[in-house]
Amino acid sequence: MQEEVQPYSRSRELSIQLSLNGFSFVVFDLSPGGGGEAILRSVAYRENDIESILQREPMLTAIEPPLERVFVSCSTDHVLLIPQPLFEPERAEQYLVAANMYVPGMTTLSNNLLSAQAAAVWQVDAGSAAGLLQLYPGALFYHPLLLELEATPANHIHAILDGELVHLTICHDRLYAAESFRAETPEELLYYIQRLVKHDGFTSYRLVLTGEGAERLRGFFDRYFNEVEAREITFYNHQRIRELCG
């Protein structure tokens, strides 16, 4: 658990992340003393019992300071990307059924706002989704795989390290591949990169590792890539979605 507490704010933004085995949130103070934004509170739980967490975290339901925006990240490897020209929001469940990814009893979500190239369709626990939608009806739900589809430069591989998951974007002269998957070891991540690139020249790409644990992995990947950049950033998804939404 990590926590920072700053003085009272006149307004705030809330960023929530639902992951495989946990729930985290960051409250951004939009008007702290001294200028510039600050984190008013940040907490990570190794559980997904949202009802219990809400009882322990009054800031999630407080009326004051007012919430300007709420973002909800759903970090799961069961996500399907649909090319934007083909995407129809009302057919979200049908896409999952066609891909043999639909799970009855779960809530299907989608986002087609963050990338001009693709929309994402995924599912979350129905109880969690209902609770968050009731609390924050105007929240923007998104999948982290969408975060770098537009920003990954040519001949780059960008790996967002997200707990047990990695969100991987590969760009040659244009977007080549994007996938979310579980990778518990650097060897597993290397295997997925090799499998997705599908040719022996994968080492010519520049590899960018972003998130907690990036620096620790740099030494391993230095043996396989000519260029490796490690960006050790805490709460990367929370901050990146706010950048994308201005």
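A quick note: this is a predicted structure, and the numbers were derived from the prediction, not measured.
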Residues Leu133, Leu135; criterion side-chain contact (heavy atoms from CB on, under 4.5 Å); working and verdict: CA-CA 5 Å; Leu133 285 168; Leu135 273 175; over 6 Å; no

Do [X] and [Y] have side chains that get closer than 4.5 Å, going by heavy atoms?
X      : Y      : result
Cys245 : Arg69  : yes
Asn237 : Tyr142 : yes
Leu30  : Glu13  : yes
Ile53  : Val43  : no
Ile193 : Phe225 : yes
Leu207 : Leu209 : yes
Phe221 : Pro186 : yes
Gln239 : Arg242 : no

Leu168 and its side-chain contact (heavy atoms from CB on, under 4.5 Å) partner, picked from Ile160, Ile157, Leu145, Thr152: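 Exactly one option meets the side-chain contact (heavy atoms from CB on, under 4.5 Å) with Leu168, and it is Ile157.
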
Could you pull out all residues at least two apart from [X] that satisfy side-chain hydrogen bond (donor to acceptor under 3.5 Å, both in side chains)?
X     : answer
Asp49 : none
Gln84 : none
Glu51 : none
Asn21 : Glu164

Side chains of [X] and [Y]: is there a donor and an acceptor less than 3.5 Å apart?
X      : Y      : result
His158 : Thr169 : no
Gln123 : Thr108 : yes
Tyr224 : Gln194 : no

Parallel, tilted or perpendicular, as decided by the 30° and 60° cut-offs, for the rings of Phe235 and His238: perpendicular

Specify the closest pair of heavy atoms between [X] and [Y], including all atoms of both residues, with the distance to one decimal.
X      : Y      : answer
Gly22  : Asn48  : O-OD1, 2.7 Å
Ala126 : Gly105 : CB-O, 3.4 Å
Gly213 : Leu161 : C-CD1, 3.9 Å
Ser75  : His167 : OG-NE2, 3.4 Å
Ser73  : Pro144 : OG-CG, 3.3 Å
Cys74  : Trp122 : CB-NE1, 3.0 Å

More than 12 heavy atoms of other residues, nucleotides or ligands under 6.0 Å from CZ of Arg46: is that the case?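 At most 12 heavy atoms, drawn from other residues, nucleotides or ligands, come within 6.0 Å of this atom.
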
Any chance CD of Glu184 has more than 12 other-residue heavy atoms, nucleotides or ligands included, within less than 6.0 Å? no

Residues in salt bridge (Lys or Arg N to Asp or Glu O under 4.0 Å) with Glu93, at least two apart? none

If you link I, L, V, M, F, W and Y whenever their side-chain heavy atoms are under 4.5 Å apart, who else ends up in the same group as Val103?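 Its cluster partners, ordered by chain and number, are Met106.
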
Apply the hydrophobic cluster definition, ILVMFWY joined by side-chain contacts under 4.5 Å directly or through others, and give me every member besides Leu80. Ile82, Leu86, Phe87, Tyr95, Leu96, Val97, Met101, Tyr102, Val121

Quick one, Tyr45 with Arg56, criterion side-chain contact (heavy atoms from CB on, under 4.5 Å). Give me CA distance, side-chain angles, the key distance, then yes/no. CA-CA 11 Å; Tyr45 288 98; Arg56 286 175 277 172; 3.6 Å; yes

About how many Å separate [atom2] of [Y] and [atom1] of [X], when rounded to the nearest 0.5 Å?
X      : Y      : atom1 : atom2 : result
Phe71  : Ser15  : CZ    : OG    : 7.0 Å
Asp29  : Ser11  : CG    : OG    : 7.5 Å
Glu148 : Ile170 : CD    : CD1   : 14.0 Å
Leu149 : Leu81  : CG    : CG    : 6.0 Å

List for me each residue that meets side-chain contact (heavy atoms from CB on, under 4.5 Å) alongside [X], sequence neighbours excluded, and say none if there are none.
X      : value
Arg223 : Phe220
Glu179 : Phe181, Tyr192, Arg195, Leu196
Leu113 : Asn111, Leu140

Compute both the distance and the angle, then confirm whether Arg12 meets the cation-pi test with Phe28: under 6.0 Å from the six-membered ring centre, within 45 degrees of the axis.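 Not satisfied by the 6.0 Å and 45° rule.
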
So does [X] pair up with [Y], basic N to acidic O under 4.0 Å?
X      : Y      : result
Arg182 : Glu188 : no
Glu150 : Arg240 : no
Glu232 : Arg216 : no

Can you hop from Val208 to Leu146 via hydrophobic side chains spaced under 4.5 Å? no

Kindly indicate, with the supporting measurements, whether the criterion side-chain contact (heavy atoms from CB on, under 4.5 Å) is fulfilled by Tyr236 and Arg231. CA-CA 10 Å; Tyr236 177 73; Arg231 302 162 58 196; 3.9 Å; yes

Salt bridge (charged side-chain N to carboxylate O under 4.0 Å, His left out) assessment of Arg41 paired with Glu57: CA-CA 10 Å; Arg41 183 163 172 77; Glu57 296 294 342; 2.9 Å; yes

Treating His78 as the side-chain partner and Thr76 as the backbone partner, does any N or O pair qualify as donor plus acceptor under 3.5 Å? no

Under a 3.5 Å distance rule, please check whether Asn155 uses its side chain to pair with a backbone N or O of Ser204 as donor and acceptor.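 Absent.
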
Which pairs with one or both residues in residues 128-139 pass side chain to side chain donor-acceptor pair (under 3.5 Å), sequence neighbours excluded? Asp125-Ser128

How far apart are the C-alpha atoms of Ile241 and Leu114, what are their side-chain angles, what is the distance that settles it, and do they pass the side-chain contact (heavy atoms from CB on, under 4.5 Å) test? CA-CA 9 Å; Ile241 184 63; Leu114 299 182; 3.6 Å; yes

Going by ring-ring contact (aromatic ring centres under 6.0 Å, His included), name the residues that satisfy it together with Phe141, two or more places apart in sequence or in a different chain.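 If we apply the ring-ring contact (aromatic ring centres under 6.0 Å, His included) test to Phe141, skipping adjacent residues, there are no hits.
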
